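To start, the structure itself, in structure tokens.
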Amino acid sequence: MPSQQLLQPHPTTDVQPDPEGLRPAGWLLVAGALVSLGAGATPSMYPIYTSQTPQRFLELVADRSTTWVGVHLAFLAGAVLTSLGLAALTSALANSRARALATIGLTVFLLATPIRVLQTIFAATVTVTAADQTTHSGVVPPTYQLLDGFLWGQPNWTLTVFIALTGIGLATYGAALLASRWLARWLGWTFVVGGLLLTLSVIAFGDGPPEAVALPLLLGGILALRHTKP
């Protein structure tokens with residue numbers, strides 16, 4: 001009857017996420033976060049990140065080129081796993097009130113992932129080649145210096161955009177978790193506050209740790225897996 005249909009609840013009002021959809025989301029988020037945190041905690045990379053001159057930076061890259069490439073590939077893998085995990089999470093929230101916010105958050109992360117791809121390709125090819133040339137000639141290649149501030153150095157605008165986007169995406173997913181009313185509310189607020197702080201710090205200082213989103217996502221993945229237990 002038409003009157004009965006009007007009285008039926010809207011399908012997106014209080015529908016809980018599908019546990020079968022949460023399970024892959026949880027595992028992918030945990031895997032992506034652990035890979036990113038492991039890459040960011042590689043001790044031999046710290047002297048490179050804190051080097052004071054372009055020549056010293058490239059000399060250190062040449063000395064540790066294998067680790068340098070491996071770390072960037074790990075960062076890329078972490079970004080891809082995270083995006084896949086958030087895609088699974090968005091699918092699990094498809095019938096909930098958080099659908100729109102989750103879709104926006106996923107879109108932002110998907111915009112950030114190609115930037116990480118570009119960075120990885122640049123670091124594994126152009127930077128390594130410039131590092132070898134600097135080691136042999138003692139001079140930083142002029143063509144590499146032209147990209148200072150865009151793909152390497154301080155500021156690194158490509159990295160800044162990547163970090164800002166992931167911060168915005170994290171905050172948006174936090175709002176989605178709060179709207180969906182599942183998992184712990186403190187996790188949603190952690191996503192919101194952490195994402196906004198990361199984005200604001202990048203805007204204010206022009207730099208920040210790209211793996212900073214990994215810890216909140218690790219917690220989210222763990223809680224999503226616990227939510228699937230009977």
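Bear in mind that the values here come from a model prediction, so they are computed numbers and not experimental data.
Linking Ile, Leu, Val, Met, Phe, Trp and Tyr whenever their side-chain heavy atoms come within less than 4.5 Å leaves Leu197 and Leu218 in two separate clusters. Under a hydrophobic-cluster definition in which Ile, Leu, Val, Met, Phe, Trp and Tyr are linked whenever side-chain heavy atoms come within less than 4.5 Å, directly or via other members, Val161 and Leu111 are assigned to the same cluster. Hydrophobic clustering, with ILVMFWY side chains joined whenever heavy atoms are under 4.5 angstrom apart, groups Leu73 together with Tyr49. Following chains of ILVMFWY side-chain contacts shorter than 4.5 Å, one cannot reach Ile203 starting from Val213, and the two form parts of different hydrophobic clusters. Ile104 and Leu178 are assigned to two separate hydrophobic clusters, defined by single-linkage of ILVMFWY side chains at heavy-atom distances under 4.5 Å.
Within the structure, every pair that satisfies the side-chain hydrogen bond (donor to acceptor under 3.5 Å, both in side chains) test and touches residues 73-86, not counting sequence neighbours, is listed here: Ser83-Thr113. Residue pairs satisfying the ring-ring contact (aromatic ring centres under 6.0 Å, His included) criterion with at least one member in residues 69-114, sequence neighbours excluded, are listed as follows: Trp68-His72.
Partners of Ala102 under the side-chain contact (heavy atoms from CB on, under 4.5 Å) rule, at least two apart in sequence or in another chain, are Thr90, Leu93, Tyr173, Ala176. When the side-chain contact (heavy atoms from CB on, under 4.5 Å) test is applied to Ser51, the partners found at least two apart in sequence or on another chain are Arg56, Phe57, Leu60. Evaluation of the side-chain contact (heavy atoms from CB on, under 4.5 Å) rule for Ile168 yields Val108, Thr172, Thr199 as partners, not counting sequence neighbours. With sequence neighbours excluded, no residue forms a side-chain hydrogen bond (donor to acceptor under 3.5 Å, both in side chains) with Gln133. Residues passing the side-chain contact (heavy atoms from CB on, under 4.5 Å) test with Ala171 are Leu196, sequence neighbours excluded.
The two residues Ala62 and Thr135 come nearest to each other via the heavy atoms CB-OG1, 3.2 Å. Between Val140 and Tyr144 the shortest heavy-atom distance is CG1-CD2, 4.4 Å. A pairwise comparison of heavy atoms in Thr67 and Ser44 identifies CG2-OG, 3.5 Å as the closest pair.
Each of Leu165, Thr166, Thr160 was scored for a side chain to side chain contact (heavy atoms under 4.5 Å, CB included) with Phe162, with one residue passing: Thr166.
By the 4.5 Å side-chain criterion applied to Ile, Leu, Val, Met, Phe, Trp and Tyr, Val35 is assigned to a cluster that also includes Leu28, Leu76, Val80, Leu81, Leu84, Val117, Ile121.
With rounding to the nearest 0.5 Å, the separation of OG in Ser180 from CG in Leu101 is 9.5 Å. The distance from the CG atom of Leu89 to the CG atom of Leu217 is 9.5 Å, given to the nearest 0.5 Å. The CD1 atom of Ile115 lies 8.0 Å from the CG atom of Leu118; values are rounded to the nearest 0.5 Å. Considering CG of Asp132 and OG of Ser137, their distance stands at 10.5 Å, rounded to 0.5 Å.
Remark: the backbone N or O of Gly138 is paired with a side-chain donor or acceptor of Gln55 at under 3.5 angstrom. Although no hydrogens or angles enter the test, the distance criterion places a donor-acceptor pair under 3.5 Å between the side chain of Thr120 and the main chain of Arg116. Side-chain atoms of Ser36 do not come within 3.5 Å of backbone N or O of Ala33 as any donor-acceptor pair.
Looking at Trp186 and Leu223, their side chains come closer than 4.5 Å, going by heavy atoms from C-beta outward. Using a 4.5 Å heavy-atom cutoff, the side chains of Phe122 and Thr158 are not in contact. Counting heavy atoms from C-beta outward, Trp189 and Leu177 have side chains that stay 4.5 Å or more apart.
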